[in-house]
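Everything on this sheet refers to the single structure shown next.
Predicted model only: the values in this text are computed from it and were never measured. Reminder, nothing fancy here: chain letters follow the sequence lines and each chain counts from 1.
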There are 2 protein chains.
Amino acid sequence: MRELTRAEEQVMQVLWKIKKGFVKDMLQHFDEPKPAYNTVSTIVRILQDKGFVTHKAYGRTHEYYPVVSKNEYSKTHLSTFVNDYFSNSFEKMVSFFAKEKSISVKEMEEIMKIMEGEVKKQKENR
Amino acid sequence: MRELTRAEEQVMQVLWKIKKGFVKDMLQHFDEPKPAYNTVSTIVRILQDKGFVTHKAYGRTHEYYPVVSKNEYSKTHLSTFVNDYFSNSFEKMVSFFAKEKSISVKEMEEIMKIMEGEVKKQKENR
DNA sequence: AATATACAACGAATAAATTAGTTATGCAAC
DNA sequence: GTTGCATAACTAATTTATTCGTTGTATATT
């Protein structure tokens with residue numbers, strides 16, 4: 001999957017948020033200073049070329065949809081990060097942030113609960 | 001902390017790996033096709049302006065050091081990511097990847113062990 | 001001292017990304 | 001049908017990032 005530039009990512013974030021929309025709809029969801037209509041229009045067409053977005057035409061106006069979901073994109077994005085910064089080990093990454101206290105006790109307890117469930121589930125399926 | 005461009009990040013990865021070095025040392029650690037000496041030299045000076053790197057001068061030649069550690073940078077980097085993609089919740093992020101099977105059972109068990117230790121430690125310190 | 005070498009600093013050239021003006025077309029209102 | 005408006009497509013302009021040749025200077029070599 002190709003990488004998003006900063007401007008492209010901003011547009012994708014908006015589309016992910018609103019699920020679908022015309023350029024003018026997207027425009028509303030930008031913080032001030034809002035970009036020009038044409039700026040968004042150009043970027044969304046680039047995103048279409050890159051395969052992140054598609055559109056449905058109503059006459060001459062286009063309603064855009066994400067093709068790549070936020071989850072899909074975050075998956076490849078984080079994998080690259082884990083690869084580059086934690087020699088491809090999720091464990092290293094999570095441990096680091098746990099020790100750094102970036103993850104609260106409450107969150108850790110919640111994570112452990114979910115992992116227990118996952119571990120059990122995956123062990124059953126053998 | 002400022003963000004690194006792609007080229008800058010590559011140079012930082014090399015510096016983080018070798019701990020310190022002259023431009024010619026860094027150069028050796030690039031994959032083919034290696035960039036030109038001057039390219040690396042320019043980028044490392046930009047990194048210096050941005051505060052990611054400093055140098056010790058030996059006469060006229062410079063030995064460069066990272067000022068921002070890989071851990072520090074990865075921390076802000078991941079925080080931004082968690083913020084943008086998981087509404088600032090580590091728990092959401094980790095759960096997602098656990099369910100996606102991006103994290104192996106072995107890794108999860110290891111993570112749980114570390115978290116148990118962390119939770120206990122943090123609860124003691126009250 | 002003259003020459004060669006190594007390197008930082010500078011700056012020019014190119015490439016990539018971003019921004020937004022201009023144009024053309026279709027549709028609505030009159 | 002003419003006018004005005006909305007929008008996609010195109011394109012130009014600008015900004016930012018990347019790459020590396022050129023220059024100047026210090027140091028080593030003879």
Side-chain angles (χ1 to χ4, degrees), chain A residues 1-16 18 20-68 73 77 80 84, chain B residues 1-16 18 20-68 73 77 80 84:
Chain A
M1 192 185 308
R2 286 235 252 158
E3 220 178 300
L4 297 172
T5 66
R6 194 190 305 261
E8 288 163 5
E9 190 179 346
Q10 277 166 19
V11 172
M12 283 308 291
Q13 288 285 1
V14 169
L15 256 188
W16 283 325
I18 68 178
K20 64 178 181 182
F22 302 91
V23 173
K24 69 165 161 15
D25 302 325
M26 294 180 226
L27 206 46
Q28 295 187 308
H29 289 81
F30 279 88
D31 294 334
E32 298 294 345
K34 289 184 198 296
Y37 181 99
N38 286 335
T39 304
V40 177
S41 166
T42 300
I43 292 173
V44 84
R45 244 170 307 113
I46 293 170
L47 285 167
Q48 198 170 234
D49 289 346
K50 286 191 172 182
F52 281 87
V53 156
T54 189
H55 76 264
K56 190 173 165 186
Y58 293 93
R60 244 180 63 78
T61 88
H62 296 179
E63 189 175 34
Y64 293 96
Y65 301 82
V67 168
V68 175
Y73 185 69
H77 195 3
T80 307
D84 291 348
Chain B
M1 190 186 306
R2 285 235 252 157
E3 219 179 303
L4 297 172
T5 66
R6 192 189 307 260
E8 287 164 4
E9 190 178 348
Q10 276 165 19
V11 171
M12 282 308 293
Q13 288 284 2
V14 168
L15 256 189
W16 283 324
I18 67 178
K20 64 180 181 181
F22 301 91
V23 173
K24 69 167 163 13
D25 301 325
M26 294 181 227
L27 206 46
Q28 295 187 309
H29 289 81
F30 280 88
D31 294 333
E32 298 295 343
K34 289 184 199 294
Y37 181 99
N38 286 336
T39 304
V40 177
S41 167
T42 300
I43 292 174
V44 84
R45 244 169 308 113
I46 292 169
L47 285 167
Q48 197 170 235
D49 289 346
K50 286 192 172 182
F52 281 87
V53 156
T54 188
H55 76 264
K56 191 173 165 187
Y58 293 94
R60 246 179 62 79
T61 88
H62 297 177
E63 190 176 34
Y64 293 96
Y65 300 82
V67 167
V68 175
Y73 186 69
H77 196 2
T80 307
D84 291 349

So, do [X] and [Y] sit near enough that their side-chain heavy atoms are less than 4.5 Å apart?
X     : Y     : answer
A/F30 : A/V11 : yes
B/M12 : B/V53 : yes
A/Y64 : A/V23 : yes
A/E3  : B/R6  : yes

What integer distance in Å separates [X]:[atom1] from [N]:[atom2]?
X     : N      : atom1 : atom2 : result
B/L4  : D/dT16 : CG    : P     : 17 Å
A/H62 : C/dG26 : NE2   : P     : 12 Å
A/L27 : D/dA8  : CG    : C1'   : 15 Å
B/L47 : D/dA17 : CG    : C1'   : 13 Å
A/F22 : C/dG26 : CZ    : C1'   : 15 Å
B/R45 : D/dT18 : CZ    : C1'   : 14 Å
B/D25 : C/dA6  : CG    : C1'   : 14 Å
B/D49 : C/dA9  : CG    : P     : 10 Å

Quick one: side chain to side chain donor-acceptor pair (under 3.5 Å) pairs with a partner in residues 33-52 of chain A, sequence neighbours left out? A/E8-A/K50, A/S41-A/R45, A/Q48-A/H55
How does protein reach along nucleotides 23-30 of chain D, written 5' to 3' as B (base within reach of a heavy atom under 4.0 Å), S (only sugar-phosphate), or - (no contact)? -BBS----
For every nucleotide of nucleotides 16-21 of chain C, 5' to 3': is a protein heavy atom under 4.0 Å from its base (B), only from its sugar-phosphate (S), or from neither (-)? -SSBBB
Check every atom of D/dA9, C/dC7, C/dA9 against the side chain of B/Y37 and return the nucleotide holding the closest atom. C/dC7
Under the side chain to side chain donor-acceptor pair (under 3.5 Å) rule, collect the residues that match up with A/E9, sequence neighbours excluded. B/Y85
Does A/Y73 use its side chain to pair, donor to acceptor, with the backbone of A/L4 at less than 3.5 Å? yes
Residues which pass ring-ring contact (aromatic ring centres under 6.0 Å, His included) with B/H29, listed by chain and number, not counting sequence neighbours: none
Who are the salt bridge (Lys or Arg N to Asp or Glu O under 4.0 Å) partners of B/E63, not counting sequence neighbours? none
